[in-house]
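Working notes, structure below.
Only this structure's heavy atoms are used, side chains among them; waters, hydrogens and symmetry mates stay out. Counting begins at 1 with the first residue of the sequence.
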Amino acid sequence: MAAALALSVAGTVTSFLVHRRAVDALSRAGVEVLRRLDALEEQHREASRHEDRVEYQREHRRLLLTAMEDRDLLPLLDAYEGDLPPEVQKQYLFANTLYVHAVHGHRIGLFGAAELRGHLRGLFQSRTMRAYWEATRHHRATLPPDSEEARIGRMTDDLLAELDDADTDEWWVVGGTDDD
């Protein structure tokens, strides 16, 4: 009887240990599945933010075009210091659209920081683009310093300073090439 009881206890303990290992394995598998689900949810949120940013950009462009086509709406977008003629306001709005287009391409991952600098280097060869940049300096000063927009604005300011200080007429080689 003692032997039967010992065998029964040993069988129960073995069964318990096997069951415990199976529960532990299932628990680890469950944790891994939850980790993967969290990663997929984050990817989905990031894709959704990306889509929202693209849609916001489309709407921004549509609103700008509407204002540029209608002289009655154009004054609504006049956030520049001093009185600017409608032609200059339109030029500045278009300059903003070009700048935002380049920045947006960088933000959505179409190109890195070095290519963004290249785009901006070319855009800012225009005196009108430079005048727009100067006229909107006070706008950029209100940005949170750690925001992406402020960081890109400072990078653009640095690029313009480098272009102004360059000892060459070969503007396309000014402004660094590293991709941060």
Side-chain angles (χ1 to χ4, degrees), residues 40-166 168-180:
L40 286 173
E41 285 177 359
E42 180 54 34
Q43 286 176 352
H44 181 267
R45 281 191 297 273
E46 182 59 33
S48 180
R49 282 189 295 269
H50 175 80
E51 289 170 11
D52 291 345
R53 182 177 275 164
V54 168
E55 186 55 38
Y56 180 85
Q57 211 48 48
R58 280 188 190 118
E59 185 65 11
H60 177 258
R61 192 167 309 132
R62 188 188 67 73
L63 290 169
L64 283 176
L65 289 173
T66 300
M68 289 173 70
E69 291 170 357
D70 187 336
R71 285 183 86 87
D72 294 335
L73 298 178
L74 191 59
L76 293 171
L77 296 176
D78 184 2
Y80 310 103
E81 295 175 353
D83 289 331
L84 294 178
E87 305 78 43
V88 175
Q89 285 182 23
K90 285 182 179 184
Q91 289 173 345
Y92 284 7
L93 289 175
F94 190 71
N96 173 264
T97 302
L98 291 173
Y99 174 77
V100 168
H101 181 73
V103 170
H104 185 64
H106 170 66
R107 281 182 174 158
I108 64 173
L110 293 177
F111 45 82
E115 280 188 82
L116 174 60
R117 277 192 296 276
H119 285 290
L120 296 176
R121 188 182 300 118
L123 284 176
F124 282 97
Q125 294 308 302
S126 159
R127 283 190 298 268
T128 303
M129 195 73 183
R130 296 261 188 135
Y132 150 77
W133 193 250
E134 186 56 38
T136 56
R137 183 169 300 285
H138 64 285
H139 297 173
R140 291 185 303 285
T142 65
L143 296 172
D146 58 340
S147 70
E148 182 183 32
E149 193 171 350
R151 183 182 58 77
I152 292 172
R154 286 189 303 272
M155 185 264 306
T156 304
D157 287 337
D158 292 345
L159 174 63
L160 294 176
E162 290 176 35
L163 285 166
D164 289 342
D165 294 342
T168 181
D169 289 334
E170 297 174 347
W171 57 265
W172 55 92
V173 299
V174 176
T177 59
D178 59 319
D179 202 1
D180 3 341

Taking all non-hydrogen atoms of both residues, which atom of [X] and which atom of [Y] are closest, and how far apart?
| X | Y | value |
| --- | --- | --- |
| A102 | L120 | CB-CD2, 4.3 Å |
| L74 | M68 | CD1-CA, 4.5 Å |
| L159 | R121 | CD2-N, 3.7 Å |
| L123 | L98 | CD1-O, 3.8 Å |
| A150 | P145 | CB-O, 3.8 Å |
| P86 | R71 | CG-NH2, 3.3 Å |

Distance check, rounded to the nearest 0.5 Å: [X] atom [atom1] versus [Y] atom [atom2]?
| X | Y | atom1 | atom2 | result |
| --- | --- | --- | --- | --- |
| H44 | E46 | NE2 | CD | 12.0 Å |
| L76 | T66 | CG | OG1 | 11.5 Å |
| R49 | I108 | CZ | CD1 | 15.0 Å |
| L93 | L65 | CG | CG | 10.0 Å |
| T97 | Y132 | OG1 | OH | 8.5 Å |

Within-4.5 Å side-chain heavy-atom neighbours: F124 and T156: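 Yes; the side chains approach each other to less than 4.5 Å.
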
Find out whether V103 and H119 are in side-chain contact, i.e. whether some heavy atom of one side chain is under 4.5 Å from a heavy atom of the other.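 When only atoms from C-beta onward are counted, H119 and V103 do not touch, as no gap falls below 4.5 Å.
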
For atom [atom1] of [X], decide whether the heavy atoms of other residues, nucleotides or ligands shown that lie under 6.0 angstrom number more than 12.
| X | atom1 | value |
| --- | --- | --- |
| E148 | CD | yes |
| R45 | CZ | yes |
| D83 | CG | no |
| H101 | NE2 | no |

Test side-chain contact (heavy atoms from CB on, under 4.5 Å) on H104 and L110; report intermediate values, then the result. CA-CA 9 Å; H104 185 64; L110 293 177; over 6 Å; no

I'd like to know whether H60 forms a side-chain contact (heavy atoms from CB on, under 4.5 Å) with N96, so could you lay out the CA-CA distance, the side-chain angles of the two residues, the decisive distance to 0.1 Å, and finally the verdict. CA-CA 11 Å; H60 177 258; N96 173 264; 3.7 Å; yes

Working note: V100 + R61, criterion side-chain contact (heavy atoms from CB on, under 4.5 Å); need CA distance, chi angles, decisive distance, verdict. CA-CA 10 Å; V100 168; R61 192 167 309 132; 6.0 Å; no

Go through the steps for I152 and H106 under the test side-chain contact (heavy atoms from CB on, under 4.5 Å), then give the verdict. CA-CA 10 Å; I152 292 172; H106 170 66; 4.0 Å; yes

Ionic contact status for E87 with K90, cut-off 4.0 Å: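 Between E87 and K90 there is no salt bridge, as every charged N stays at least 4.0 Å from the carboxylate O atoms.
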
Report yes or no: does R117 contribute a side-chain atom to a donor-acceptor pair with the main-chain N or O of M155 at less than 3.5 Å?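 A pair under 3.5 Å: no.
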
Measure from the side-chain N and O atoms of T136 to the backbone N and O of H139, and report whether any donor-acceptor pair falls under 3.5 Å.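 Not a single qualifying donor-acceptor pair exists.
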
So, applying ring-ring contact (aromatic ring centres under 6.0 Å, His included) with Y99, which one of Y92, W133, F94 is it?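 Per the ring-ring contact (aromatic ring centres under 6.0 Å, His included) rule, the option paired with Y99 is W133, out of Y92, W133, F94.
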
